[in-house]
Each structure stands twice: as C-alpha cells, then as structure tokens.
Number of protein chains: 2
Amino acid sequence: MPRRSAPDRQTEQRILDAARNVFIRHGTAGARMQEIAEEAGVNQALLHYYFRSKDRLAEAVFAEAAGRLAPAIAAILGSDERLERKVEQFVHLYIDTARRHPYIPGYVLAELHHHPERLPAIAARLAPGAPKPLAQPILARLGAQLEALAAEGTIRPIAPEHFLANLLALCVIPFAVRPMLTLALGMDEPAFQRFLDERRADLPGFILNALRP
Amino acid sequence: MPRRSAPDRQTEQRILDAARNVFIRHGTAGARMQEIAEEAGVNQALLHYYFRSKDRLAEAVFAEAAGRLAPAIAAILGSDERLERKVEQFVHLYIDTARRHPYIPGYVLAELHHHPERLPAIAARLAPGAPKPLAQPILARLGAQLEALAAEGTIRPIAPEHFLANLLALCVIPFAVRPMLTLALGMDEPAFQRFLDERRADLPGFILNALRP
DNA sequence: GTCTATATTGTGATAGAC
DNA sequence: GTCTATCACAATATAGAC
C-alpha cells in the first residue's frame with residue numbers, strides 16, 4: 001500500500017507508455033499533451049506534475065527508445081566471439097526486436113534528424129562515465145579483430161566504422177522505408193513479414209560474403 | 001516585364017525555397033509559417049495566397065524532395081547496362097547528390113514515418129499514369145537480370161526487392177544517422193566527408209562481392 | 001496524487017486596404 | 001500581388017480545490 005504523497009510509479013509508467021505511443025506516431029513537435037493524457041487515462045495537469053514539461057517528457061521517451069538496444073549491441077560487438085557469430089547475433093537481435101516495435105526505428109531516425117542536440121545529454125545520462133567518443137572501446141576491439149582477420153587473409157580490410165554502419169543500415173532499412181515498400185513495391189503486411197524473415201536468414205551470409213577477399 | 005496580377009513565379013519560388021529549408025530543419029509539424037515568411041523575405045499572408053494552407057505547402061516541399069532522385073534511379077536500374085555499372089552509377093549518384101543536400105535524406109525519412117498517408121497522393125501526382133505497384137516495371141527488369149546472372153552462376157540468387165533495399169540502405173545510412181556518427185564515433189565534419197569518400201569508392205565492390213556465389 | 005478551471009501565449013488563416 | 005491588422009482557436013503550463 002503506497003503512501004498517499006509518494007510518486008505513484010504505476011501512474012508514472014502509464015504516462016510514459018502513453019507518451020511513447022504518441023511521440024512515436026507524431027514526433028515531438030506533432031505530439032499533443034492532451035492526446036497523451038487521454039491515452040494514459042489521466043488529465044493533462046498530471047503530465048506536468050510528473051514530468052514538468054513536454055520537452056522533458058519527450059526527452060525521457062527518446063532516451064528510452066534510442067538507448068534500448070545500445071547495451072546489447074555493445075555486448076555483442078565487443079565480445080570475444082568469432083565474427084560470424086557477432087554478425088548473426090546482431091542481425092537476429094535487431095530484426096527480432098524491431099519486429100516487435102516496428103515504428104521505433106522510424107521514430108528514432110526522425111528525432112535524430114530534428115533534435116540532434118538532444119543526443120549528447122541523453123548519452124551522458126545513459127552512460128555517465130563513458131569516454132568522449134562513446135563507442136571508442138567497442139570500436140577499438142572490433143577494429144583489432146577485423147584487422148587480425150584481414151592480416152591472415154580471412155577477410156578484406158574494412159574499418160570498423162564502415163562495418164558497423166553496414167550492419168545497422170541493412171537491418172534498419174525495411175523499417176525506415178516501410179511506406180515506400182508498401183507503395184512502390186506493393187508489399188502488404190504479410191509480404192513485409194516475409195521480407196523480414198528473408199533478411200533475417202540471408203543478411204548474415206550476405207555481409208560475411210561481402211568481406212571475403 | 002510581368003503583368004501586375006499574374007502569379008509571380010519568382011516570388012513563388014522564393015517561398016518554396018524558404019519552405020524547403022524550414023521544413024527540412026523542423027519537419028511539417030515543427031515548422032512555423034512565420035519562419036518561412038521571414039526566410040523568404042515576405043509576409044505570412046503571402047504564403048497562403050500562393051499555397052492556401054501550410055499542409056499544401058508541406059506537400060509540395062515533400063513531393064519535390066522525395067521525388068527528386070526517383071527518375072534518375074529508375075533510369076539507372078531499368079537500363080540495359082551490366083550489373084556492375086548499375087551499382088556503381090547508383091552509389092555515385094546517391095552519395096554525390098546527398099552530399100550537396102545532406103539533410104534531405106533525414107527529412108524524407110522523418111516525413112515518411114510521420115506522414116505515410118501523403119505518399120500515394122504524391123506518387124500519383126509525380127507519375128500520373130504509373131501502374132499500381134509503382135516500381136513494378138523496373139523491378140521486373142532488374143529481377144530478370146539478376147535471375148539470368150544467377151542462372152549462369154555469376155551471382156547468388158537475390159530478389160530485386162532485397163537488392164534495391166541493400167543498395168539504398170548502404171548509401172543512405174551515413175546521412176540518416178549522422179548525429180550518432182558525430183557523438184558515438186567522434187566524427188567531425190572533415191572525418192564525415194572522408195567517410196563518404198570511402199563509401200563512394202568501396203560500396204560498389206562491397207555490394208558486388210556480396211553477390212559472388 | 002489527482003482533478004477542474006484558467007492564464008497566456010502561439011499559430012494558421014482570413015479580411016480588406018493599397 | 002503584397003501588405004497590415006486581426007480573428008479564432010489550439011496548446012502548454014500553472015493555480016488552487018479536494
């Protein structure tokens with residue numbers, strides 16, 4: 001039984017959930033506090049009680065969405081596994097997660113574009129003691145692995161920045177341009193799901209094949 | 001010397017240019033008619049004189065931005081050139097164009113996500129007599145080419161939808177996640193330009209290599 | 001902690017003079 | 001065709017009762 005004047009975590013979570021839905025649909029600028037309040041089943045004043053302003057609420061939502069996969073991705077790419085395993089784990093993790101929340105990638109890309117200034121603050125909040133270029137340690141480990149494989153002739157030389165960009169690009173693209181797939185390529189929902197199945201199965205081989213000498 | 005009461009195409013163009021800049025920065029929802037008017041050097045009422053409403057102005061801007069590369073891409077992919085040449089032309093066209101307007105890809109992705117309902121209307125306006133799945137003809141030609149190459153053992157089998165998605169993904173990613181490159185990978189402006197140079201040179205080989213049997 | 005009511009400012013759009 | 005002035009309403013945020 002919670003005390004009467006302590007913050008109600010359950011209400012806070014309901015607001016956050018509703019805010020996530022609304023911000024994902026309309027973006028920070030297009031979202032309306034009224035709509036969030038309705039979807040959370042509370043009134044508008046309560047949003048300000050918990051989060052002070054629309055801007056802070058938007059920041060909380062974005063931080064959660066953008067940082068969701070970061071730890072898992074860092075763990076995969078920075079591990080001691082073989083490259084083949086890393087690529088497969090990355091592809092499966094990304095596509096399986098995005099499939100459950102198919103509008104998050106589009107939302108994150110949109111916010112990244114319109115509010116890039118938010119990124120440093122959020123990164124500092126999620127990983128307080130991290131080094132200046134946030135991904136430096138993982139990038140260094142990954143780079144060393146790629147370099148070793150290239151030296152022994154197993155793969156072509158590739159900078160870890162490009163490797164990472166390629167990985168992310170090939171996984172995120174179906175979610176980022178989904179309306180175009182629907183319109184230009186005539187994909188309905190089942191076809192889109194099949195498209196994801198195919199990519200999940202084929203991308204690891206495609207990527208590793210591209211690195212062959 | 002224009003007649004006094006004929007639409008001034010020059011003014012209309014100035015408004016459109018200003019609108020493009022503002023919409024690209026802030027998106028449809030975040031853009032302010034006042035800001036567009038200032039940037040165009042006219043007053044707010046004139047925007048409505050030329051474009052009736054914010055929504056129509058936004059649609060005009062998005063149609064131009066989203067459709068800009070469509071004809072050239074269709075020409076490249078639907079041509080009779082060899083696959084190697086198509087890939088190289090696509091990569092060079094996309095990166096060279098996006099480099100001159102580096103915020104357009106992010107803007108298009110954002111609008112695609114928040115206003116997918118606009119796409120059909122715009123597609124119909126840009127290509128009035130086109131078939132239902134807009135890219136059907138090009139996709140069929142490209143698919144036949146890929147199938148023929150696969151049959152003779154030159155490449156692995158790949159559906160044209162995946163081929164196209166991979167091509168676009170690998171080209172657009174630096175522009176789509178640029179703030180992340182800056183923050184997480186520590187890329188400043190010159191480093192970003194070098195990154196683009198490297199991708200422009202390496203992507204064709206990377207993509208074709210990935211298709212080897 | 002949650003509500004109703006309201007202050008205050010922002011914003012798209014129009015009327016009408018020139 | 002372009003301007004100034006203004007309307008009408010939307011939207012964030014706060015005050016204060018319960």
Side-chain angles (χ1 to χ4, degrees), chain A residues 1-63 110-111 114-115 117-118 121, chain B residues 1-63 110-111 114-115 117-118 121:
Chain A
M1 197 111 174
R3 292 211 330 276
R4 274 188 63 203
S5 283
D8 186 332
R9 305 308 295 262
Q10 194 176 334
T11 302
E12 184 174 344
Q13 192 56 47
R14 287 233 318 285
I15 291 174
L16 212 51
D17 290 343
R20 186 184 324 120
N21 291 337
V22 175
F23 279 124
I24 284 177
R25 282 200 295 270
H26 301 119
T28 298
R32 298 292 163 243
M33 296 294 271
Q34 176 56 27
E35 191 179 349
I36 296 172
E38 281 170 17
E39 194 150 328
V42 299
N43 63 77
Q44 211 174 323
L46 212 58
L47 306 190
H48 289 90
Y49 175 80
Y50 278 98
F51 292 94
R52 256 188 71 85
S53 71
K54 178 186 178 181
D55 205 64
R56 291 195 188 223
L57 185 52
E59 188 180 303
V61 168
F62 178 65
E111 292 295 302
H114 291 306
H115 305 283
E117 76 281 356
R118 270 197 194 132
Chain B
M1 198 108 172
R3 291 210 332 275
R4 275 188 62 205
S5 283
D8 187 332
R9 306 306 296 262
Q10 193 176 334
T11 301
E12 183 172 346
Q13 192 56 46
R14 288 234 317 286
I15 292 174
L16 212 51
D17 289 343
R20 185 182 327 118
N21 290 337
V22 175
F23 280 123
I24 283 175
R25 282 201 296 269
H26 304 298
T28 298
R32 297 292 163 246
M33 295 295 270
Q34 177 56 27
E35 191 178 350
I36 296 172
E38 280 170 18
E39 193 151 327
V42 299
N43 63 76
Q44 208 175 328
L46 212 57
L47 306 189
H48 290 90
Y49 176 80
Y50 279 98
F51 292 93
R52 258 189 73 84
S53 73
K54 179 186 178 182
D55 204 64
R56 292 194 188 223
L57 185 52
E59 188 181 301
V61 167
F62 178 64
E111 292 295 303
H114 290 306
H115 305 283
E117 74 283 357
R118 270 197 192 133

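Computed from a predicted model, the values in this text were never measured in an experiment. All chains are named by letter (A, B, ...) in the order of the sequence lines, taking the proteins before the strands, and each is independently numbered beginning at 1.
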Practice prompt. For nucleotides 4-18 of chain D, just jot down a letter per nucleotide in 5' to 3' order: B, S or -, based on protein non-hydrogen atoms under 4.0 Å.
Written response: B------SBBBB---
Response to the item:
side-chain hydrogen bond (donor to acceptor under 3.5 Å, both in side chains) filter on Gln34(A), not counting sequence neighbours, yields Glu38(A)
Discussion item. Taking side-chain hydrogen bond (donor to acceptor under 3.5 Å, both in side chains) as the definition, give me every residue that meets it alongside Asp17(B), ordered by chain and number, with sequence neighbours left out.
Written reply: Gln13(B), Arg20(B)
Item to complete: Please name all residues satisfying salt bridge (Lys or Arg N to Asp or Glu O under 4.0 Å) with Arg14(A), sequence neighbours left out, ordered by chain then number.
Response: none
Item to complete: Rounded to the nearest angstrom, tell me the gap between atom CD1 in Ile15(A) and atom C1' in dC3(C).
Response: 13 Å
Response to the item:
In whole angstroms, the gap separating C1' of dA5(C) from OH of Tyr49(A) amounts to 19 Å
Practice prompt. State which residue, out of His114(B), Glu59(B), His115(B), fulfils the side chain to side chain contact (heavy atoms under 4.5 Å, CB included) condition with Thr28(B).
Written response: His115(B)
Discussion item. Between P on dG12(C) and CD on Glu35(B), what's the gap in Å once rounded to a whole number?
Written reply: 11 Å
Practice prompt. If a pair satisfies salt bridge (Lys or Arg N to Asp or Glu O under 4.0 Å) and one of its residues is in residues 47-58 of chain B, list it, with sequence neighbours excluded.
Written response: Asp55(B)-Arg118(B)
Discussion item. Run the side-chain hydrogen bond (donor to acceptor under 3.5 Å, both in side chains) test against Arg25(A) and tell me which residues pass, sequence neighbours left out.
Written reply: Glu35(A), Glu39(A)
Item to complete: To the nearest Å, give me how far apart CG (Leu47(B)) and C1' (dT11(C)) are.
Response: 13 Å
